[in-house]
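Note sheet for the following structure.
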Amino acid sequence: MLTFIIRRFLQIIPVMIGVTLAVFLMMHLIPGDPAQIMAGERADEAQVEQMRENLGLNDPLHEQYLRYVGNAIQGDLGTSIRTNRPVVNEIFDSRIWITIELAFWGTVLAVIFGLIAGIISATRKYSFADVSLMIVALFGMSMPNFWLGIMLIYFFSVNLGWFPIVGWESWKHMVLPVITIGSGGAAIIARMTRSSMLEVLDNDYIRTAHAKGVSERLVVYKHALRNALIPVVTVVGLQFGTLLGGAVITETVFAVNGIGRLVVDAIKARDFPMVQGAILVCAVAFVLVNFLVDIAYRLINKRIDLN
Amino acid sequence: MSKSNNNILEVKNLCTSFFTDEGEVKAVDGVDFFIEKGKTVGIVGESGSGKSITSLSILRLIQEPAGKIVNGEIIFKGENLLEKSKKEMRAIRGNNISMIFQEPMTSLNPTMTCGEQIAESIRIHQKLSRKEAKEKAIEMLKLVGIPSPEKRVKQYPFELSGGMRQRVMIAIALACNPELLIADEPTTALDVTIQAQILDLIRKLQKELGTSLMIITHDLGVVAEMCETVAVMYCGKIVEYADVKTILTNPKHPYTIGLLNSVPRHDQHYEGDLPVIKGSVPSPFNLPKGCRFATRCPHARDICHNQLPELKTMDDGNQVRCWIHTDVWEKQEEEVASNS
Amino acid sequence: MSKQPLLEVKNLKQYFPIKGGVLGRTVNHVKAVDDISFEVYEGETVSIVGESGCGKSTTGRAILRLDEPTAGEVNFDGEDLLSLNKSKMREKRKDLQIIFQDPYASLNPRQTVGQIIEEVLKIQNIGTSSKDRREKIISLLETVGIGAHQVDRYPHEFSGGQRQRIGIARALSVNPKLIICDEAVSALDVSIQAQVLNLLKELQRKFQLTYLFISHDLGVVRHISDRIIVMYLGKVVEISDTQSLFENPQHPYTRALLSAIPSMNFEEEKRERIILTGDVPSPIDPPKGCRFHTRCPYKMERCAIEEPVLNSVSDGQRVACHLVEKGAVDYTKIPVNS
Ligand SMILES: Nc1ncnc2c1ncn2[C@@H]1O[C@H](COP(=O)(O)OP(=O)(O)OP(=O)(O)O)[C@@H](O)[C@H]1O
Ligand SMILES: Nc1ncnc2c1ncn2[C@@H]1O[C@H](COP(=O)(O)OP(=O)(O)OP(=O)(O)O)[C@@H](O)[C@H]1O
Ligand code: SF4
Ligand code: SF4
Ligand SMILES: [Mg+2]
Ligand SMILES: [Mg+2]
């Protein structure tokens, strides 16, 4: 297991190099002169040149990159152009925690509802419950986040007045955004759990369990579920990445001040260091979550450890 | 062959069908047999002849709604299992009747340790504590001849070889000291040297514990070594039911004879071709109207193609399903002789 | 036996690397086939037997270069196959065909039987026109007992035995000299197995075929083989003509293998049975000395140190065991270790 963790951790290194490289090059690949953009449209030639010098844009590309990575490791992601505060502070002071909260509860919702729906469907194959759940799941998967968000606001906040429309203060504020962000994942996990569960229920060892006199309930929850979860865990990990993407839209719809909204605002303001920093942080979070998911996967699926 | 009160199991007119898009498959079609206390019955036959479905039907493990026991009685110690509730059935499975399956690779749960899997049935049926069940599990592993059982209880099935896994399956099956053990091809997936170990083990434990045994196999060598009585199945029906010696040395049914002749044997010298049974098993959707073996039988006559023979009990108590062994056949012969 | 063998395998080794450790380097090898040599003469059937994992299939695959062998020589018809380049090897494949255990998995379900065989004919440039090829296909299928009216059917429309016949027809289509049958009849019911075995024998007579027959079923092997190779853990332990092997096996492993087979013979009194204890050791770290010494009932001190070599014990019987280094022995007179 330890070997596996170390090996898996080492695999992160090339991924991180790729991510930082991509984020770094983003600055250079977008049309226009970054120095010009950062100095502002009204800046004159000298000011732009000064900006270029300040940003180190005259150095060879690889030096710039190494410097960028070096700084990033020390927690320096540059200074926001818009607010003139360090990017790291902008992100970590409050924004990211809100997003993490949102993503966390979104994942919890997706996993709980997805698993329950998937198990119900699989154990009652082709029943009314199964068919209706899977139709709902199909809708859940194909419904765009912004649309679902607006619909939820319209019904529950505007019409029924059960929840506040925007903001992020009490649990009441969280309900609708979490549903919005988690529904897609719940749908995917439900479908995945169903198919995985059906496959597992067809296995010889399920027949063995029945032959031992194990009750229907225990066969499902003790013998089948654990094996059925193996592919589902991978999906949960991938789902987290989609969730981060969904955060941008959800936060915008519900006017939540998370990192998603920060990115949107930064793009609008052409606040490059801010955009870069936020994307980098999200990418790192994604990579780390997948690392944890892989370890969880091995813990459930002991067989892989051997190879 | 025996008085009924000495029978641990009596299967009467068992019919199990699968309902597929293409139609009904009568996988088991009117099977009768019994197992005497402490004895071993073998079931042999071609692939698809209904051996496994017969055994699964006994424990009512047929997956509904695709498959269904449509008729018959399964009398276990005087009570019809088909009339039991689901809960009563669960109390019997793994406790009074246990089963071992063919594939030791896939028949154990990959995410549970061997110990957990053995202890589970002990806990269900004997209501022992977790700790007591674990101790019993170690004891069972010792019983089936697994070295250092204290270490093995904590291992997962993938950490064991095929032979060891089958030992674990046997340990699970015997954990609650069942009165009847059903073994569906228990050694088919194993190497001969491991097969010899496992058969030896089953025989030894059967003697020790007095378990009755029903063994399903396609290997007539295994039958010879393990069984007292043998049922030969063909297309969902028993075609011959006799003591093992008769089956192997003096079989009556043309299918049994053909089967016996077509086995290449390691203890016999060969010149020339093997005797064969021509053709192949008819499709379950297109079974012959009369005797199911008529399409392949070298003796088939008109009556065979048109009318299904009954399973007839002979003077020695053995049973055969073939027109040859009825008066009709001789009569026809006389007619043919007198006509010419 | 002065004639030139059709197939000569010399010091063949097939090691599969095992990756491991933090960096995924090769940490060890599965020594699946470890330095084996044997010959196959034209027109004969040589069988390889042994327990699961002893390297039977690996040997077959290595001869055809389906895996690239680690070391050794495979001389076929006077040419070393292992030194041929890719295109030369492809040409040679025409002379060497293989039939597998699972007839269904080795036939493309979306092609009709006719198309399956035609594909092979095309690859090997056999037949000038499609009409010509069609005739050839029909005659091939008839040879293996499948009627002309079934040419345009798909594999799933055939029974297991018929599919195996189709596999045989496909192998025959290129007029091979040697056919490797890897558990070719193992998945079939006995009644069908007998039909296919007879067919293989008939085709051998008709086309002077040579078979390398891989099987774990010693009954089948006794019926079909002229000579038999017994393998244990990647090594050849005994090579013998069929009769001597079954009537007077000389390697302790061969003896155990034969005695483990349940016998249908009812008249015969109960045989003294050798039940081997334990499992086959791993081919990753095989036992030193004689590989069988961990389970051998006749193990001596030197067996754990010194590796026995194949040694002729009688005409046509070679055995790798210290016990018989001076010639055949009478096992009934040798005490068994407990
Ligand atoms: N789930 C199913 N749906 C439809 N038909 C089935 C199903 N399971 C089994 N059958 C059919 O029932 C018949 C009997 O099957 P069974 O498994 O009892 O054969 P068997 O004698 O055990 O053969 P084998 O030696 O191959 O194990 C076969 O014709 C098979 O096709
Ligand atoms: N591609 C491979 N990579 C690693 N190991 C392999 C590979 N192919 C085979 N082996 C190993 O080599 C050994 C010999 O395998 P092989 O398939 O030749 O056995 P076999 O004698 O044909 O057995 P069986 O009777 O089960 O078919 C086994 O231990 C197997 O696990
Ligand atoms: S009844 Fe007729 S066809 Fe059937 S086995 Fe007897 S002789 Fe053959
Ligand atoms: S060399 Fe020794 S250990 Fe090996 S088979 Fe012969 S007697 Fe047994
Ligand atoms: Mg079966
Ligand atoms: Mg093989």
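Worth saying up front: this structure is predicted, and the values here are computed from it rather than measured. Note on naming: letters A, B, ... go to the chains in the order of the sequence lines (proteins, then strands), and numbering restarts at 1 for each one.
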NE2/A:His223 to CD/B:Gln117 distance, rounded to the nearest 0.5 angstrom? 7.0 Å
Looking at B:Gly94, B:Pro178, B:Cys176, which makes the most heavy-atom pairs under 4.5 Å with chain A? B:Gly94
Would you find more than 12 non-hydrogen atoms of other residues, nucleotides or ligands less than 6.0 Å from B:Lys134 atom NZ? no
Has B:Phe76 got more than 12 heavy atoms of other residues, nucleotides or ligands less than 6.0 Å from its CZ? yes
Kindly give the heavy-atom pair with the smallest separation between A:Arg226 and B:Thr111, and that separation in Å. NH1-O, 3.5 Å
Heavy-atom count around B:Phe19 CZ within 6.0 Å, excluding the residue itself: above 12? yes
Let's test your reading of the structure: which of B:Leu108, B:Leu59, B:Ile100 forms the most heavy-atom pairs below 4.5 Å with chain A? B:Leu108
Counting only heavy atoms not in B:Lys84, do more than 12 sit closer than 6.0 Å to its NZ atom? yes
Side chain to side chain contact (heavy atoms under 4.5 Å, CB included) assessment of A:Asn227 paired with B:Asn109: CA-CA 9 Å; A:Asn227 288 287; B:Asn109 191 332; 2.8 Å; yes
Residues B:Glu120, A:Lys222; criterion salt bridge (charged side-chain N to carboxylate O under 4.0 Å, His left out); working and verdict: CA-CA 11 Å; B:Glu120 187 177 30; A:Lys222 190 167 161 195; 3.3 Å; yes
B:Glu88, CD: over 12 other non-hydrogen atoms inside 6.0 angstrom: yes
Which heavy-atom pair separates B:Ser107 from A:Arg207 by the least distance, and what is that distance? OG-NH2, 4.5 Å
Considering only heavy atoms, which portion of B:Ile92 lies under 4.5 Å from any heavy atom of chain A: side chain, backbone, both, or neither? neither
So which part of A:Leu201 gets closer than 4.5 Å to some heavy atom of chain B, the side chain, the backbone, both or neither? backbone
Taking A:Lys212's backbone N and O only, do any of them form a donor-acceptor pair with B:His125's side chain (distance below 3.5 Å, no angle check)? yes
B:Met169 vs A:Thr208 side-chain heavy atoms within contact, under 4.5 Å: yes
Are more than 12 heavy atoms from other residues, nucleotides or ligands located less than 6.0 Å from atom CD of B:Gln63? no
Dump the intermediate steps for side chain to side chain contact (heavy atoms under 4.5 Å, CB included) on B:Thr106 and A:Asn203, then the final yes or no. CA-CA 7 Å; B:Thr106 55; A:Asn203 267 316; 5.6 Å; no
